[in-house]
Amino acid sequence: MILKNKYLDILFFLFLFALVILYHIFGYHGFYGYDEIFYAEQAQKLAQGNFELTSDHYTYRWGLITFSAIFYKLFGVNDHASALPSLFATFFSMLLLLITLKKQNKTIKYSALSIFTLSTWVIYYSDKMMADTLIMLFGFSGYIILYFYYFGALQKKYFIASFLISISFFLGFISKETIIIPYLPFLYFCIYDIVHKKNIKFWIYLIAISFIIFFIYFLFFYLEKGHPFY
C-alpha cells in the first residue's frame with residue numbers, strides 16, 4: 001500500500017510537470033524583456049570564456065548566468081537552452097514541496113502541489129530566463145531545511161542544517177539580491193529561539209558559516225575591483 005501511494009505521488013508529480021513542459025512547448029513566446037537579453041548575452045560570453053565583470057549589476061547574478069552558460073555550452077544558444085535553468089528550478093521546487101508533504105494525505109498533498117505549480121506566476125516564469133525561479137528554489141529550500149531541522153530528519157544536526165541554509169541563501173543571493181526579502185522571517189525565528197533559549201548552537205553555526213561565506217565573497221571584490229561592494 002505504501003509502495004502504491006509512492007507511485008501515485010510520482011505519477012501525479014510527473015503529470016503536473018508535464019503540464020509545465022506543455023506550457024513551454026505551446027505557450028513560450030520568446031524573451032520577456034531586457035533582463036533576459038542581457039542574461040543571455042552574459043551566459044554566451046561565459047560559455048565562450050569571454051565573461052567580464054562590469055559596473056552593471058546584472059553581471060553579478062552569477063547563479064542564472066552560470067547555469068545558462070552550462071546549457072549553452074551543452075546545447076548551443078537557443079530558446080530551449082535559455083529556458084532550462086528555470087524549468088529545472090521549477091522542477092526541483094515542486095520536488096521539495098512533494099518531499100515536505102509526503103506524510104500528508106492525498107487531498108492536502110495533491111492540492112498544495114497543484115496550487116503551487118499551476119499558479120499564474122509560477123507557471124508563467126517556469127521557462128523564462130529570469131532569476132525569479134532560482135529565488136523561488138533557493139528561498140523555498142531554506143525554509144524546508146529549517147522545517148526538517150525543527151521537525152524532521154535534521155533535528156539536532158546543527159552543522160548540516162546551518163551549512164545547507166547558508167549555501168541556499170548564498171546561491172539565492174548570487175542569483176538575485178532580492179533573496180534577502182524571503183529570508184527576513186529568519187530574523188524572527190532567530191530572535192524567538194534566543195529569547196526562549198532554544199537552538200542556540202544552530203543559530204551560532206548559521207550566522208558564523210554565512211559570515212565566512214559572504215566575507216570570502218566580498219573579499220573577492222575587494223581584491224579584484226578595489227572595493228568590497230563594487
Side-chain angles (χ1 to χ4, degrees), residues 1-24 63 67 83-128 131-173 175-176 179 181-190 192-193 196 198-199 201-203 205-206 209-210:
M1 187 66 180
I2 294 175
L3 192 60
K4 184 180 178 181
N5 288 337
K6 185 178 180 180
Y7 283 132
L8 283 174
D9 290 351
I10 294 172
L11 286 173
F12 189 78
F13 173 86
L14 292 176
F15 167 74
L16 284 178
F17 192 68
L19 295 181
V20 174
I21 297 299
L22 287 173
Y23 169 78
H24 171 66
F67 289 138
L84 282 174
S86 285
L87 285 169
F88 270 88
T90 303
F91 175 87
F92 284 109
S93 295
M94 293 170 60
L95 185 60
L96 285 173
L97 181 59
L98 180 62
I99 292 171
T100 306
L101 298 173
K102 65 179 180 180
K103 294 182 179 179
Q104 302 295 327
N105 62 58
K106 290 186 181 64
T107 302
I108 293 175
K109 194 185 306 180
Y110 297 164
S111 295
L113 200 57
S114 299
I115 292 169
F116 172 76
T117 306
L118 302 177
S119 63
T120 303
W121 290 111
V122 169
I123 198 165
Y124 182 75
Y125 275 93
S126 63
D127 63 354
K128 300 296 181 289
D132 303 76
T133 50
L134 294 177
I135 296 300
M136 174 179 70
L137 173 61
F138 295 127
F140 201 21
S141 63
Y143 282 95
I144 289 176
I145 295 165
L146 185 66
Y147 171 81
F148 280 111
Y149 171 73
Y150 279 142
F151 308 111
L154 292 176
Q155 282 184 326
K156 297 183 179 181
K157 296 181 180 179
Y158 311 108
F159 179 79
I160 295 174
S162 57
F163 178 78
L164 291 175
I165 292 174
S166 297
I167 293 297
S168 294
F169 180 62
F170 178 70
L171 291 175
F173 186 81
S175 298
K176 192 174 182 180
I179 191 67
I181 297 172
Y183 271 83
L184 283 176
F186 271 69
L187 289 174
Y188 167 78
F189 299 134
C190 179
Y192 180 88
D193 279 352
H196 291 83
K198 295 162 54 179
N199 304 306
K201 188 178 291 187
F202 164 75
W203 291 108
Y205 276 129
L206 180 58
I209 294 170
S210 298

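Values in this document were obtained by computation on a predicted structure and should not be read as measured data. All values below come from the heavy atoms of this structure, side chains included, with hydrogens, waters and symmetry mates left out.
Proximity of Leu101 to Leu113: side-chain heavy atoms (C-beta onward) are nowhere separated by under 4.5 Å. Phe116 has its side chain out of reach of Leu16: every pair of non-hydrogen atoms, C-beta onward, lies at least 4.5 Å apart. Side-chain contact between Phe163 and Tyr205 is absent, with no heavy atoms from C-beta onward closer than 4.5 Å.
With respect to Phe169, the ring pair (Phe, Tyr, Trp, His ring centres under 6.0 Å) criterion is satisfied by exactly one of Phe140, Tyr183, Tyr143: Tyr183.
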Distance-only donor-acceptor pairs under 3.5 Å for side chains of residues 144-158, two or more places apart:
unit_1	atom_1	unit_2	atom_2	d
Tyr149	OH	Asn199	OD1	3.1
Tyr150	OH	Asp193	OD2	2.5
Gln155	NE2	Tyr150	O	2.7

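Taking the six-membered ring where the residue is Trp, Phe17 and Phe13 present parallel rings, their angle staying beneath 30° rather than reaching 60°. Ring pair Trp121/Tyr125 is tilted by interplanar angle, where 30° to 60° counts as tilted.
Rounding to the nearest 0.5 Å gives a distance of 7.0 Å between CG of Asp9 and NZ of Lys106.
Minimum heavy-atom separation, Ile123 to Thr120: CG2-O, 3.5 Å. Heavy atoms only, all atoms of each residue included: Ala131 and Lys176 are closest at CB-CB, 3.9 Å.
With sequence neighbours excluded, no residue forms a ring-ring contact (aromatic ring centres under 6.0 Å, His included) with Tyr23. Residues satisfying the side-chain hydrogen bond (donor to acceptor under 3.5 Å, both in side chains) criterion with Ser86, sequence neighbours excluded, are Thr133.
Residue Tyr192 qualifies as open at atom OH: its count of foreign heavy atoms under 6.0 Å is 12 or below.
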